[in-house]
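One structure is given below, encoded as structure tokens.
Protein chains get the first letters and strands the later ones, always in sequence-line order, with residue 1 at the start of each.
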Amino acid sequence: MAVQIAETLVAGDAPDRNAPNYKPDLERIEIELLLEGVFRQYGFDFRAYAYASIRRRLWKRIEEEGLKSVSSLQERVLHDPQMMEKLLLDLSINVTAMFRDPGFYMTFRQHVVPLLRTYPFIRIWHAGCSTGEEVYSLAMLLREEGLYDRARIYATDINEVVLQRAKAGIFPLERMQEYTDNYIRAGGKKSFSEYYTAKYGGALFDQSLTKNVVFSQHNLVTDRSFSEFNVILCRNVLIYFDKTLQSKVHGLFYDSLITFGVLVLGSKETLRFMQHEESYQQIAPPEKIFRKVR
Amino acid sequence: MAFSVVVVGTSWGGLAALSKLLGGLPADFPIPIVVVQHRGKESEHLLRELLQDTTKLTVCEIEDKDPLKACTVHLAPSNYHVLIEQGFVSLTTEDPVRFSRPSIDVMFTSAGDVYRSETIGVVMTGANEDGARGLRHIAQLGGRALVQDPKTAEIPIMPAAAIKAVPKAEVLPLASIAPRLVELCQQANQVARLKTV
């Protein structure tokens, strides 16, 4: 499987766009038309995604299907819902890991957990949760800190397929060593292996970890705020959006956080140049943990 | 024709090579420089600090949507791909390409797509073949391709692969790369001035 992925990517990273007949402006028109068509036909709105990344992923699909142009992909996608499903998986990046960036979880324990202790009930929104690894990580952390029973985690993603996998809670056994290392470095207080059993060809995680988790489809681009939260986590999701859309989603997050609520971004994401930049204070840099102060 | 971006890719031995290259550039070098240096998944700010000590340019580790700036070295963070866009850079966590993230090929390809003949690509020392495809893409789109002479490279595999992929690339000893970049930049300015006159 790993080998197969590596080989498809070899095709994907050097698109066949030879100099003499390559017209970047025309390509941009084609891509905008395709994304407009996808939105109007299927309701998925990728029109304000970061261009270089979306172009790269569209070309990966074009080459895997043996097609020659963005327009030819457009024809296939608009007439064939199954092709749309494939494209949806291409366009939603689902790279994740348990206790990804262990330093972040350590900082969260040290600097956010004490804030959360002051609330009788904690509402957390994990936006763009993908296959759920980071939701389970957060659940473990909260349980170890004695906060799980008064917490509710709303874990959302645009993609129903990954949400089903998140709900199932079965993750690849071969990643458990990596996750165990991450867990230790994240300040884990138990033995990581206590949280899963080898089953169904994978690692089945303790189902009580999702007792207070609600997995639900939510589209950051088109859907509205659905509650007020103490914490919003959205790590390495907004990097796929252009600046205008980033700004819009930050508005959504701002409206969805209580005063003194906490916003968590990916380690290379920033609030710079965002309308709400001044409304937040960064807790414990360099981690991208912000507190809404006004 | 003026250049809009210099993209640099290196791996094993890259710290010494980058120090030499960046150390040889003047503080007012006007073209934004974007560097992919392969490194460990967890390595943090140390590389930036080491490089900053060698150059008068400002070295910064890239954050998502950072604007490309003159007199600045934009360094790819570990564990993210860098994509060049019109005037800024985006990060992605897409799968590693040929086991690398950041991938030189991915960054170079995106630079070529946006800036075409206004791109200068530089491949230096390294123990794998990342960069060769990206440099070819830049060259095909009319950009400049510079490669460190493998004889002066700590590990010759990466520059040798780049030369194989781009036979018309300029092959330069390490010490000559910075002066050549300055020269290309000055020539471009002269041409631009002639055109405005």
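Chosen from A:T96, A:V95, A:L238, A:I239, the residue pairing most often with chain B at heavy-atom distances under 4.5 Å is A:I239. Chain A forms more heavy-atom pairs under 4.5 Å with one residue of B:L83, B:V114, B:T93 than with any other, namely B:T93.
Only the side chain of A:R100 has a heavy atom closer than 4.5 Å to any heavy atom of chain B. For a residue to count as touching a neighbouring chain, one of its non-hydrogen atoms must lie under 4.5 Å from one of that chain's; by this rule B:F88 touches chain A with the side chain only.
With 3.5 Å as the limit, one finds no donor-acceptor pair spanning the side chains of B:D105 and B:H137.
Surrounding NZ of B:K20 are at most 12 heavy atoms belonging to other residues, nucleotides or ligands under 6.0 Å away.
A distance of 3.5 Å separates OG in B:S90 from NZ in B:K65, rounded to the nearest 0.5 Å. Atom NE2 in B:H81 sits 6.5 Å away from atom CD in B:E94 (nearest 0.5 Å).
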